[in-house]
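What follows is one structure encoded as structure tokens, with my remarks underneath.
Quick caveat: nothing in here was measured; it's all calculated off a predicted structure.
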Amino acid sequence: MDKIQMQTPLVEMDGDEMTRILWQIIKEELLLPYIDLNTEYYDLGLAHRNETDDQVTIDAAEATKKYKVAVKCATITPNKARMKEYSLKKMYKSPNGTIRALLDGTVFRAPIVVKGIEPCVKNWKKPITLARHAYGDIYKNTEFYIDKPGEAKLVFTGDDGEERIETIQRFDKPGVLLGMHNLDASIESFARSCFNYALDIRQDVWFGCKDTISKTYDGRFKEIFNRIYEEEFKERFQAENLTYFYSLIDDIVARVMKAEGGFIWACKNYDGDVMSDMVSSAFGSLAMMTSVLVSPHGYYEYEAAHGTVQRHYYRHLEGKETSTNSVATIFAWTGALRKRGELDEDQALVEFADKLEKATTSTIESGKMTKDLALITSLKNPKILNSRDFILAVKEKLEKLL
């Protein structure tokens, strides 16, 4: 068959460690034989981010604004150990946080459901979609270590000269200090993205934060969600027999554990980061979760919701075999290719993405899978494949579908 031609590039953001290895195998075996792949490439590996003083991350986000669709490999957010390991100039912020801040929007994450991988939470009958706010909070924070006695204050100086000061803490002993923020406009985009997405997929929205403790910060999230729902979405939700439900985050967590799924769980940035890992693990594996950043400006960035699989990467460097689950990374590519096809009205590209996803899930359902899934599958006598062989098994299924 002739290779599928792409009209418009999509932005390709390469990453780190084991996911970087899988990224290349996926391209070589599942994409390049069938698509004349048209991407604008950015290397977001930590070494290159360090070389460019992280300018490459900003450039990749700006390219996404230009081309509308991006696909991203998992990347390292450095800590002190990584700073030493990679001889970094400084401890760079999360590349995901940088990109999300520049693109705005909301991250929607949903488990990839396959037969034979049943949720740990037995009453979860339907997928739970996590809607994660993609701006601010600790992902765009300022922090430092306090090494001497003194007083920490929160200070706002208005352009009109007004000054507001609140004492945070009197430090008599060493400690740490953190400052974070959010913006009304970003919270409004978050709310509208959640409500519009709910109407698209016909699911209720549950939202929770901690306004009883954080009366101003979290209280602002609650106020904006309620206002936008009442003014813009309530009638449309009622017409579709959908509901919007707010409660404290701890109450929402308790309710989620007893629910059967089939709703959108809207979370603040950090809550969404943590809870999406919980939901994906309960549904099967951290590597079985789709993730897409949807911006109200029409930008889409697809990525795997998990990390760089550091432990497997070190095994790989030692020449040892790994059995790393590549499903979420494959689905990041299929999501981006499908959206590129939809925007360009390229049905061949859309159909290819659909078939690659079907090939991936049917490979698992046939009993061929990576070790993480074999440990939890209800299928009898699963065949455990190493990292490359799983991708090759998917390729075999894909060839038949094509």
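For the salt bridge (Lys or Arg N to Asp or Glu O under 4.0 Å) test, no residue two or more places apart in sequence or in another chain qualifies with Glu28. Remark: Asp251 pairs with Arg255 by the salt bridge (Lys or Arg N to Asp or Glu O under 4.0 Å) rule, at least two apart or across chains. The salt bridge (Lys or Arg N to Asp or Glu O under 4.0 Å) search around Lys89 returns Asp53, not counting sequence neighbours. Shown here are the ring pair (Phe, Tyr, Trp, His ring centres under 6.0 Å) partners of Phe225, two or more places apart in sequence or in another chain: Phe190, Phe195, Phe207. For Lys397, the salt bridge (Lys or Arg N to Asp or Glu O under 4.0 Å) criterion is met by no residue, not counting sequence neighbours.
Counting only distance, with no hydrogens or angles, the side chain of Thr370 and the backbone of Asp372 share no donor-acceptor pair below 3.5 Å. In this structure, Thr106 contributes its side chain and Ala131 its backbone to no donor-acceptor pair below 3.5 Å. Judged by distance alone, with hydrogens and angles left aside, the side-chain atoms of Ser281 form no donor-acceptor pair with the main-chain N or O of Met278 at under 3.5 Å. Remark: side-chain polar atoms of Thr290 are paired, donor with acceptor, to backbone N or O of Ala110 under 3.5 angstrom. The backbone N or O of Asp43 sits less than 3.5 Å from a side-chain atom of His48, completing a donor-acceptor pair. A donor-acceptor pair is defined here as one N or O able to donate and one able to accept, closer than 3.5 Å; no such pair exists between the side chain of Asp54 and the backbone of Thr57. Remark: the backbone N or O of Lys210 is not paired with any side-chain donor or acceptor of Ser214 at under 3.5 angstrom. Checking side-chain atoms of Thr98 against main-chain N and O of Ser94 turns up a donor-acceptor pair under 3.5 Å. Asn269 places a side-chain N or O within donor-acceptor distance of the main-chain N or O of Gly136, the cut-off being under 3.5 Å. Between the side chain of Glu303 and the main chain of Lys72, no donor-acceptor pair closer than 3.5 Å is present.
At a cut-off of 3.5 Å, with distance as the only test, no side-chain donor of Asn96 or Tyr139 sits close to an acceptor on the other residue. Judged purely by distance below 3.5 Å, without hydrogens or angles, the side chains of Asp59 and Gln55 pair a donor atom with an acceptor atom. In summary, the side chains of Tyr34 and Glu399 do present a donor paired with an acceptor at a separation below 3.5 Å, with no hydrogens or angles considered. Residues Thr243 and Asp204 bring a donor and an acceptor atom of their side chains to less than 3.5 Å of each other.
Between atom CD1 of residue Ile21 and atom CG of residue Leu317 there is a gap of 7.5 Å, rounded to the nearest 0.5 Å. Atoms CD and CD, from Gln310 and Glu17 in turn, are 5.0 Å apart once rounded to the nearest 0.5 Å. Note that the CG atom of Leu343 and the OH atom of Tyr300 stand 6.5 Å from one another [nearest 0.5 Å]. Between atom CD1 of residue Ile35 and atom CG of residue Leu356 there is a gap of 8.0 Å, rounded to the nearest 0.5 Å.
Counting non-hydrogen atoms of neighbouring residues, nucleotides and ligands closer than 6.0 angstrom, the CG atom of Asp36 exceeds 12 such neighbours. Around atom CZ of Arg311, no more than 12 heavy atoms belonging to other residues, nucleotides or ligands sit under 6.0 Å away. Residue Asp2 qualifies as open at atom CG: its count of foreign heavy atoms under 6.0 Å is 12 or below. At most 12 non-hydrogen atoms from other residues, nucleotides or ligands lie less than 6.0 angstrom from CZ of Arg164. Annotation for Asp159: atom CG does not count as buried by contact number, only 12 or fewer foreign heavy atoms lying within 6.0 Å. The number of heavy-atom neighbours closer than 6.0 Å to NZ of Lys126, taken from other residues, nucleotides and ligands shown, is 12 or below. For Gln5, the CD atom sits in a packed shell: over 12 heavy atoms of surrounding residues, nucleotides or ligands are nearer than 6.0 Å. Within 6.0 Å of the CD atom in Glu318, the count of heavy atoms belonging to other residues, nucleotides or ligands exceeds 12.
Of all heavy-atom pairs spanning Leu22 and Ser387, the tightest one is CD2-CB, 3.9 Å. Summarising the geometry of Thr77 relative to Pro95, their closest heavy-atom pair is OG1-CD, 3.8 Å, with the distance given to 0.1 Å. The two residues Ala152 and Phe171 make their nearest non-hydrogen contact at CB-CE1, 3.8 Å. For Ala328 against Met289, the heavy-atom pair with the smallest separation is CB-O, 3.5 Å. Considering all non-hydrogen atoms of both residues, Ala134 and Val107 come closest at CB-CG2, 4.0 Å. Closest approach of Ile201 to Ile264, counting heavy atoms only: CD1-CD1, 3.8 Å.
With contacts defined as side-chain heavy-atom distances shorter than 4.5 Å, the pair Val205/Tyr229 does not qualify. Looking only at side-chain heavy atoms (C-beta outward), Trp265 and Val253 come within less than 4.5 Å of each other. Using a 4.5 Å cut-off on side-chain heavy atoms (C-beta onward), Met288 and Pro111 make no contact. Counting only heavy atoms from C-beta outward, the side chains of Trp124 and Met257 approach each other to under 4.5 Å. Using a 4.5 Å heavy-atom threshold, the side chains of Asp104 and Ser186 count as touching. Contact check for Phe263 versus Ile128: side-chain heavy atoms found under the 4.5 Å cut-off. By the 4.5 Å heavy-atom criterion applied to side chains, Glu143 and Val176 are not counted as neighbours. Side-chain contact between Tyr313 and Thr324: absent, with no pair of heavy atoms (C-beta onward) separated by less than 4.5 Å.
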Could you go through Leu31 and Leu337, starting from their C-alpha distance and side-chain angles, then the distance that decides it, and tell me whether this counts as side chain to side chain contact (heavy atoms under 4.5 Å, CB included)? CA-CA 10 Å; Leu31 303 178; Leu337 291 170; 3.9 Å; yes

Is there a side chain to side chain contact (heavy atoms under 4.5 Å, CB included) between Val294 and Tyr197? Walk through the geometry before answering. CA-CA 10 Å; Val294 180; Tyr197 197 68; 5.6 Å; no

Walk me through it: do Lys93 and Lys140 pass the test side chain to side chain contact (heavy atoms under 4.5 Å, CB included)? CA-CA 8 Å; Lys93 291 183 180 292; Lys140 201 171 175 60; 5.7 Å; no

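Applying the ring pair (Phe, Tyr, Trp, His ring centres under 6.0 Å) rule to pairs touching residues 368-391 yields nothing, sequence neighbours excluded.
Applying side-chain hydrogen bond (donor to acceptor under 3.5 Å, both in side chains) to Thr8 and the options Asn38, Asp344, Asp346 leaves one that passes, Asp344. Checked against Ile117 for a side-chain contact (heavy atoms from CB on, under 4.5 Å), the options Thr361, Leu379, Ile112, Thr377 give a single hit: Thr377.
Residues Arg49 and Asp16 are paired through a salt bridge, judged by an N-O separation under 4.0 Å between the basic side chain and the carboxylate. Electrostatic pairing of Glu301 and Arg100 does not count as a salt bridge here, judged by no charged N lying under 4.0 Å from a carboxylate O. Comment: Asp273 engages Arg132 in a salt bridge, judged by a side-chain N to carboxylate O separation of less than 4.0 angstrom. Look at Lys27 and Glu12 and you find a salt bridge, because one of the NZ, NE, NH1 or NH2 atoms lies within 4.0 Å of a carboxylate O, short of that distance.
For the pair Lys268 and Phe221, the cation sits on the ring face: its NZ or CZ lies under 6.0 Å from the ring centre, inside 45° of the axis.
The six-membered or imidazole ring of Tyr135 lies near that of His181, with a centre-to-centre distance under 6.0 Å.
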